[in-house]
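In what follows, every chain begins at residue 1, and chains take the letters A, B, ... in the order their sequences are listed.
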Protein chains: 2
Amino acid sequence: MLKVGRLADYAVLILHHLGRMRPARLAMDSIAEVTHLPLPTVRKVMKYLVDADLVISKRGPNGGYQLARPPAQVSLAEAIAAVEGPLALTECCSAQGNCEIHDRCDLADRWPGVNAIVVKVLERTSLADLDRFGRHEPHVPPPLRELMAPVRHL
Amino acid sequence: MLKVGRLADYAVLILHHLGRMRPARLAMDSIAEVTHLPLPTVRKVMKYLVDADLVISKRGPNGGYQLARPPAQVSLAEAIAAVEGPLALTECCSAQGNCEIHDRCDLADRWPGVNAIVVKVLERTSLADLDRFGRHEPHVPPPLRELMAPVRHL
DNA sequence: CAATTGTATACCCCGTTAGTATTGAATGCG
DNA sequence: CGCATTCAATACTAACGGGGTATACAATTG
Ligand code: SF4
Ligand code: SF4
């Protein structure tokens, strides 16, 4: 668990494809076809991406979608947030979070710290970086051990 | 979004409390009271925690729950996984993940890499570490910058 | 104007989550 | 031995949200 929604997953998938095509424009039909996703679903996703200014759309004949920025400048955090809103592991990590216990909860001011780290990881991983990842271990470099930082033990 | 379930959140909350009490034993009623959580909900959570061997239970008079290990040796990843199962950002990150597209998806073998990093962060953050976190930035130490590692840019 | 292609809205279905209730089993004590 | 205490197990329900679909509309081009 701790999964990202399907739609957000698709968003990344689509953005990645658009990145490989850039700066070419790609019609929605083509996107649906190449990603093997149902077209109505793609429609919904594209709306999110346009609203978030991650892609540029053009109507009319020969229209389509185009990645707004180079793939290296689009983070996974942005992609996910475009669909699901700001990343927040718990209610107390988001502004409009309403948790009844919040006032009496010992961890209310601790979770945001954890959240910040996770967000940072996703912010620093771009679409282009995905290509560098292999299966499982993403070539965890030695410095990572200390990088985790706040995060000691084991 | 990208939120952890409420129950998992509660689990961490409870574990943290048990950690501060350790090695004392705490009855379910007391747990519900001190955490301000509804008792039936606590029941459900405790079952998960016992099954995952994170807490030791004892029945009868003067019974209750006790954290199985020192708080510094219990990771957030374990706590969350105890309730929600293994962490998997996408379907293709988990063993029993069934995604229709999987075979034809370009990112099917890339997501596990990202997932691994996130998991690692949560694995290396213990209950005891939570106390070290302040609001927002968890004192991100300089080495973190390189720790992120596979994760360059910006 | 007509063909193309994206935009907007509104809807529904189904799975999961969260919460609750009930009943049963183990332990300890006197 | 029997009773009070406390956890264990199961089953149920209600509500929310994710995600998939249909349809009608607007813009662009040539
Ligand atoms: S306040 Fe406590 S309970 Fe409410 S969301 Fe934050 S951590 Fe979870
Ligand atoms: S295979 Fe592709 S689509 Fe299916 S879950 Fe993994 S990434 Fe998402």
Side-chain angles (χ1 to χ4, degrees), chain A residues 1-11 13-14 18 24-33 35-66 68 80 82-85 88 90-91 96 98-101, chain B residues 1-11 13-14 18 24-33 35-66 68 80 83-85 88 90-91 96-101:
Chain A
M1 286 297 150
L2 185 73
K3 59 171 179 286
V4 59
R6 267 277 168 82
L7 260 34
D9 177 2
Y10 295 160
L13 187 52
I14 292 172
L18 285 179
R25 218 182 343 255
L26 215 58
M28 203 151 45
D29 316 28
S30 314
I31 295 177
E33 192 174 355
T35 57
H36 308 99
L37 292 173
L39 189 130
T41 299
V42 175
R43 279 216 193 85
K44 181 179 282 190
V45 173
M46 295 321 287
K47 168 171 171 49
Y48 289 128
L49 298 182
V50 170
D51 287 353
D53 292 317
L54 288 179
V55 303
I56 299 172
S57 71
K58 185 169 187 186
R59 297 197 250 201
N62 232 314
Y65 296 94
Q66 177 191 3
I80 297 173
V83 175
E84 305 190 335
T90 66
E91 291 291 331
Q96 70 277 25
N98 56 333
C99 174
E100 308 82 19
I101 317 172
Chain B
M1 284 301 151
L2 185 73
K3 59 171 178 284
V4 59
R6 268 278 169 78
L7 260 33
D9 178 2
Y10 296 160
L13 187 52
I14 292 172
L18 285 179
R25 218 183 343 255
L26 215 58
M28 205 152 43
D29 315 27
S30 314
I31 295 177
E33 191 174 355
T35 56
H36 309 99
L37 292 173
L39 188 130
T41 299
V42 175
R43 277 216 193 86
K44 182 178 282 190
V45 174
M46 294 321 287
K47 169 173 171 47
Y48 289 128
L49 298 181
V50 170
D51 287 354
D53 291 318
L54 288 180
V55 302
I56 298 172
S57 70
K58 186 169 186 186
R59 296 197 250 202
N62 231 314
Y65 296 95
Q66 177 191 6
I80 297 173
V83 175
E84 305 190 334
T90 66
E91 291 292 331
Q96 69 277 25
N98 56 334
C99 174
E100 308 81 18
I101 316 171

What is the distance from [atom1] of [X] to [atom2] of [N], rounded to the nearest Å?
{"X": "B/M46", "N": "D/dT10", "atom1": "CE", "atom2": "P", "answer": "18 Å"}
{"X": "B/D9", "N": "C/dT17", "atom1": "CG", "atom2": "P", "answer": "15 Å"}
{"X": "B/M28", "N": "D/dA9", "atom1": "CE", "atom2": "C1'", "answer": "12 Å"}
{"X": "A/L49", "N": "C/dT7", "atom1": "CG", "atom2": "P", "answer": "11 Å"}
{"X": "B/R43", "N": "C/dT20", "atom1": "CZ", "atom2": "C1'", "answer": "9 Å"}
{"X": "B/K47", "N": "C/dG19", "atom1": "NZ", "atom2": "P", "answer": "18 Å"}
{"X": "A/D51", "N": "C/dG6", "atom1": "CG", "atom2": "P", "answer": "15 Å"}
{"X": "B/I14", "N": "D/dC7", "atom1": "CD1", "atom2": "C1'", "answer": "14 Å"}

Can you tell me which residue pairs pass the side chain to side chain donor-acceptor pair (under 3.5 Å) test with a partner in residues 39-57 of chain A, sequence neighbours excluded?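 Sorted result for residues 39-57 of chain A: A/K47-A/D51.
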
Determine the sole option in B/V42, B/V55, B/L26 for which the side-chain contact (heavy atoms from CB on, under 4.5 Å) test with B/I14 is passed.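 Passing option: B/V42.
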
For B/Y10 and B/V83, what are the C-alpha separation, side-chain angles and deciding distance, and is it a side-chain contact (heavy atoms from CB on, under 4.5 Å)? CA-CA 10 Å; B/Y10 296 160; B/V83 175; over 6 Å; no

Of residues 55-63 of chain B, the positions that come close to DNA chain C - non-hydrogen atoms, cut-off under 4.0 Å: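 Residues of residues 55-63 of chain B that come under 4.0 Å of DNA chain C are, in numerical order, B/K58, B/R59, B/G60, B/P61.
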
Distance below 4.0 Å between B/Y65 side-chain N/O and D/dA8 OP1 or OP2: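 B/Y65 to D/dA8 OP1/OP2: side-chain N or O found under 4.0 Å.
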
To the nearest 0.5 Å, how far apart are CG in A/D9 and CD in B/E91?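 Reported value, rounded in 0.5 Å steps: 8.5 Å.
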
Nearest 0.5 Å, please: how far is CG in B/L13 from CG in B/L18?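 Nearest 0.5 Å value for the CG-CG distance: 10.0 Å.
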
List the residues meeting side-chain contact (heavy atoms from CB on, under 4.5 Å) with [X], not counting sequence neighbours, and say none if there are none.
{"X": "A/A82", "value": "A/L49, A/A52, A/L54"}
{"X": "A/A68", "value": "A/I56"}
{"X": "B/Q66", "value": "B/P23, B/R25"}

Between the main-chain N or O of A/G5 and the side-chain N or O of A/E84, is there a donor-acceptor pair closer than 3.5 Å?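 Yes: the side chain of A/E84 pairs with the backbone of A/G5.
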
Pairwise N/O distances under 3.5 Å, protein to nucleotides 17-21 of chain D:
from, atom 1, to, atom 2, distance (Å)
D/dG19, OP1, A/R6, N, 2.8
D/dG19, OP2, A/R6, N, 3.2
D/dG20, N7, A/K44, NZ, 2.9
D/dG20, O6, A/K44, NZ, 2.9

